[in-house]
Protein chains: 2
Amino acid sequence: MARLPVYLRALHGLAEHGTATVSSEELAAAAGVNSAKLRKDLSHLGSYGTRGVGYEVEYLVYQISRELGLTQDWSVAIIGLGNLGRALAGYGGFASRGFRMAALLDAEPGIVGELIAGLTVEHIDKLETVIKDNGISIAVLAVPATAAQAVCDRVVASGVTSILNFAPVVLSVPDGVEVRKVDLSIELQILAFHEQRKAGGPSGVEQEYLEAVEGQ
Amino acid sequence: MARLPVYLRALHGLAEHGTATVSSEELAAAAGVNSAKLRKDLSHLGSYGTRGVGYEVEYLVYQISRELGLTQDWSVAIIGLGNLGRALAGYGGFASRGFRMAALLDAEPGIVGELIAGLTVEHIDKLETVIKDNGISIAVLAVPATAAQAVCDRVVASGVTSILNFAPVVLSVPDGVEVRKVDLSIELQILAFHEQRKAGGPSGVEQEYLEAVEGQ
DNA sequence: AAGCCTTTGTGAACGCACGCACAAAGTCGG
DNA sequence: CCGACTTTGTGCGTGCGTTCACAAAGGCTT
Ligand SMILES: NC(=O)c1ccc[n+]([C@@H]2O[C@H](COP(=O)([O-])OP(=O)(O)OC[C@H]3O[C@@H](n4cnc5c(N)ncnc54)[C@H](O)[C@@H]3O)[C@@H](O)[C@H]2O)c1
Ligand SMILES: NC(=O)c1ccc[n+]([C@@H]2O[C@H](COP(=O)([O-])OP(=O)(O)OC[C@H]3O[C@@H](n4cnc5c(N)ncnc54)[C@H](O)[C@@H]3O)[C@@H](O)[C@H]2O)c1
């Protein structure tokens with residue numbers, strides 16, 4: 001379930017605070033969800049709570065980590081070291097959650113060979129070798145939209161089955177390959193939508209369109 | 001609806017390709033959704049299709065843009081000009097979708113005054129003034145997790161009702177304020193979860209926990 | 001002009017996730 | 001040792017979003 005990472009984050013916060021045990025009500029508040037939903041989610045991993053007391057923080061952290069596959073480290077490759085790729089490569093928050101930035105790849109001659117966050121940028125031509133040699137299982141795509149599908153195809157052909165895509169395109173992949181996309185423009189557009197709603201919503205449908213067309 | 005931006009993106013692609021008219025089947029494929037869902041979504045904006053033909057691309061682009069509030073420009077402030085904030089500030093894809101980066105704010109003396117993407121970074125102390133003077137309606141938070149809630153509170157107090165948050169914390173805001181969050185660690189964790197599933201899933205529950213505890 | 005063909009718009013069934021509410025279970029104080 | 005209190009785990013009703021399937025509608029061909 002997609003909420004487990006949120007619970008995990010909340011639990012880490014509690015653990016640092018020295019809390020040993022937590023009720024579903026408290027944890028739900030920290031994670032921003034309904035307490036019944038939280039309990040139901042946790043019950044799917046087995047029954048780790050004590051009635052009348054709550055959940056033991058440390059044990060729950062371990063159970064969720066195990067469920068998410070965070071008891072092992074994952075090797076990640078970043079492809080495309082432009083604005084975004086660099087920001088990701090330099091971010092320390094991944095390593096602390098068990099994600100090791102294992103390889104950086106780009107096509108631009110001026111970028112290949114550069115040292116970023118302690119790693120040398122490799123040429124995209126070496127994709128297959130780099131993935132195999134470093135045991136990469138997750139690829140992060142931070143390349144332009146026009147290159148994304150082609151790069152994706154190569155990554156998949158190299159055996160990677162998990163992709164995090166930042167390019168604003170719908171990637172098509174074979175069954176068994178998991179793609180998650182982060183599209184910041186879409187996030188802003190959704191905010192704009194709500195912002196407009198508050199301001200009264202769209203009005204004068206036909207008029208506005210005609211005016212807009214005439215204005216060209 | 002959160003899918004409209006995806007449709008819009010697909011339509012822009014078709015328009016650039018010179019396509020004048022598109023069927024729900026084609027557009028659904030381009031957007032990666034079911035065609036019945038697409039038609040139902042579009043029917044909520046009114047009936048803009050022609051039976052036997054499909055939808056006129058240009059008209060549909062206008063209708064969706066209007067629904068999303070993209071017929072007007074929105075002014076955005078980026079708060080926190082570290083790794084991520086810089087990447088966002090330097091990204092050209094926002095301006096082309098009607099989002100104007102209107103102000104950059106940071107607390108670090110070394111960063112305030114710096115020129116990034118044609119804008120001078122202002123001090124966070126001027127938050128209220130900057131927001132009012134530039135007509136900011138959307139704030140992007142790219143500050144450390146520890147500072148996020150405090151900055152959020154100030155932003156909300158300044159009248160902003162739409163926030164895009166990159167910090168890995170659950171922000172609490174008053175009713176009427178829209179928060180969208182982007183947490184890249186969570187995306188990776190979800191990928192890891194599926195990756196692990198493919199590899200056979202978690203096994204040996206008690207044993208693993210005991211081993212892990214003993215190993216400390 | 002008429003019939004055929006394509007495609008929309010939507011009624012209805014289905015499934016799923018959410019949340020209420022409560023019984024079972026366990027703790028803690030006396 | 002017992003009773004009261006707390007909190008979990010879950011059965012169940014509800015509401016929403018998705019999908020199928022089809023009738024209505026419009027264009028196109030002959
Ligand atoms: N920067 C942002 O804040 C932001 C925001 C939203 C979306 N995005 C999206 O993220 C992606 C990257 O954005 P960016 O700003 O870093 O772009 P960028 O142009 O700065 O960087 C792209 C990098 O990809 C490399 N590249 C191009 N083709 C390649 C190929 N075939 N193989 C390997 N590498 C290749 C380029 O050399 C460049 O270094 C884009 O798709 C963009 O639309 C970025
Ligand atoms: N960089 C990434 O790829 C990445 C990935 C996932 C999540 N994040 C999250 O995004 C946020 C920013 O990440 P980053 O890598 O850019 O961090 P960073 O440390 O590079 O930048 C943070 C910036 O915020 C500024 N800042 C600190 N306190 C402030 C305050 N009170 N008011 C205004 N500005 C303040 C700092 O001066 C700094 O410039 C963090 O919460 C991080 O967890 C980043």
Side-chain angles (χ1 to χ4, degrees), chain A residues 1-8 10-11 14 19-64 67 170 175 181 186 190 193-194 197 205-206, chain B residues 1-8 10-11 14 19-64 67-68 170 175 178 180-181 186 190 193-194 197 205-206 209:
Chain A
M1 195 67 69
R3 282 184 298 270
L4 289 181
V6 181
Y7 303 156
L8 191 56
L11 285 167
L14 291 168
T19 314
T21 203
V22 65
S23 74
S24 63
E25 206 75 43
E26 294 169 294
L27 184 54
V33 300
N34 179 289
S35 69
K37 182 157 47 175
L38 175 92
R39 286 198 299 276
K40 194 156 282 186
D41 286 346
L42 294 185
S43 74
H44 285 313
L45 329 177
S47 295
Y48 301 129
T50 310
R51 296 170 186 230
V53 177
Y55 299 88
E56 190 192 338
V57 173
E58 189 197 348
Y59 187 51
L60 202 48
V61 163
Y62 176 78
Q63 291 301 342
I64 295 180
E67 180 74 11
V170 177
D175 284 355
K181 66 173 201 298
I186 286 185
I190 292 172
F193 170 74
H194 287 111
R197 279 263 156 133
V205 179
E206 287 301 329
Chain B
M1 195 67 71
R3 282 184 299 270
L4 289 180
V6 181
Y7 303 156
L8 190 55
L11 285 167
L14 290 169
T19 313
T21 203
V22 65
S23 74
S24 65
E25 206 75 42
E26 294 170 294
L27 185 54
V33 300
N34 180 292
S35 70
K37 179 156 50 175
L38 174 92
R39 287 198 298 276
K40 193 153 281 186
D41 285 346
L42 295 185
S43 75
H44 285 313
L45 326 178
S47 294
Y48 301 128
T50 311
R51 294 169 188 232
V53 177
Y55 299 87
E56 189 192 338
V57 173
E58 190 199 349
Y59 188 51
L60 201 49
V61 163
Y62 176 77
Q63 291 301 342
I64 295 180
E67 180 73 11
L68 289 173
V170 177
D175 284 356
E178 193 79 12
R180 294 196 64 86
K181 66 173 201 298
I186 286 184
I190 292 172
F193 170 73
H194 287 112
R197 280 262 157 135
V205 178
E206 288 299 329
Y209 178 62

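Throughout, protein chains are lettered first and strands after them, A, B, ... in sequence-line order, and every chain is numbered starting at 1. Remember, it's a predicted structure, so these values are computed and weren't measured experimentally.
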S.K.: Take A:Met1 and A:Arg39, find for each the nucleotide of DNA chain C with the closest heavy atom, and name the residue whose nucleotide sits nearer the 5' end.
M.R.: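 It is A:Met1 whose nearest nucleotide is closer to the 5' end.
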S.K.: Using only heavy-atom distances, determine whether the side chains of A:Tyr62 and A:Glu58 contain a donor-acceptor pair under 3.5 Å.
M.R.: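 On atom types as modelled, these side chains do not qualify, holding no pair under 3.5 Å.
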S.K.: Would the base of D:dT18 count as contacting B:Lys40 through its side chain, where contact means a donor and an acceptor less than 3.5 Å apart?
M.R.: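 Such a pair does not exist between side chain and base.
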S.K.: Check step by step if side-chain contact (heavy atoms from CB on, under 4.5 Å) holds for B:His194 and B:Ile190.
M.R.: CA-CA 7 Å; B:His194 287 112; B:Ile190 292 172; 3.8 Å; yes
S.K.: Within a strict 4.5 Å, meaning less than it, do heavy atoms of the B:Leu45 and B:Leu4 side chains meet?
M.R.: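 Yes, close enough: below the 4.5 Å cut-off.
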S.K.: Can you tell me which nucleotide in D:dA24, D:dG27, D:dG9 comes closest to the side chain of B:Arg51?
M.R.: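 The answer is D:dA24.
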S.K.: Compare all side-chain heavy atoms of B:Asp41 with those of B:Tyr7 and state whether any distance is below 4.5 angstrom.
M.R.: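 Yes, their side chains come closer than 4.5 Å.
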S.K.: Shoot me the first and last contacting nucleotide of DNA chain C against chain B, ordered 5' to 3', at under 4.0 angstrom to non-hydrogen atoms.
M.R.: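 With heavy atoms of chain B under 4.0 Å away, the range is C:dT6 to C:dA12.
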S.K.: Output the rounded distance in Å from CG (A:Leu27) to P (D:dG9).
M.R.: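 So the two atoms are 12 Å apart, to the nearest Å.
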S.K.: What integer distance in Å separates B:Lys37:NZ from D:dA21:P?
M.R.: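 Spelled out: NZ on B:Lys37 to P on D:dA21 is 17 Å.
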S.K.: My understanding is that only residues two or more places apart in sequence, or in another chain, count here; which of them pass salt bridge (charged side-chain N to carboxylate O under 4.0 Å, His left out) with B:Arg180?
M.R.: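 Per chain and number, B:Arg180 pairs via salt bridge (charged side-chain N to carboxylate O under 4.0 Å, His left out) with A:Glu187.
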S.K.: Counting only side-chain nitrogens and oxygens, does B:Asn34 get under 4.0 Å of the OP1 or OP2 atom of D:dC20?
M.R.: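 Answer is yes, contact under 4.0 Å.
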S.K.: Does A:Arg51 have any salt bridge (charged side-chain N to carboxylate O under 4.0 Å, His left out) partners at least two apart in sequence or in another chain, and if so, which?
M.R.: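 Partners of A:Arg51 by the salt bridge (charged side-chain N to carboxylate O under 4.0 Å, His left out) criterion come out as none, since no residue qualifies.
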S.K.: For the pair made of CG in A:Leu42 and P in D:dT7, what is the distance, rounded to whole Å?
M.R.: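 Atom CG in A:Leu42 sits about 16 Å away from atom P in D:dT7.
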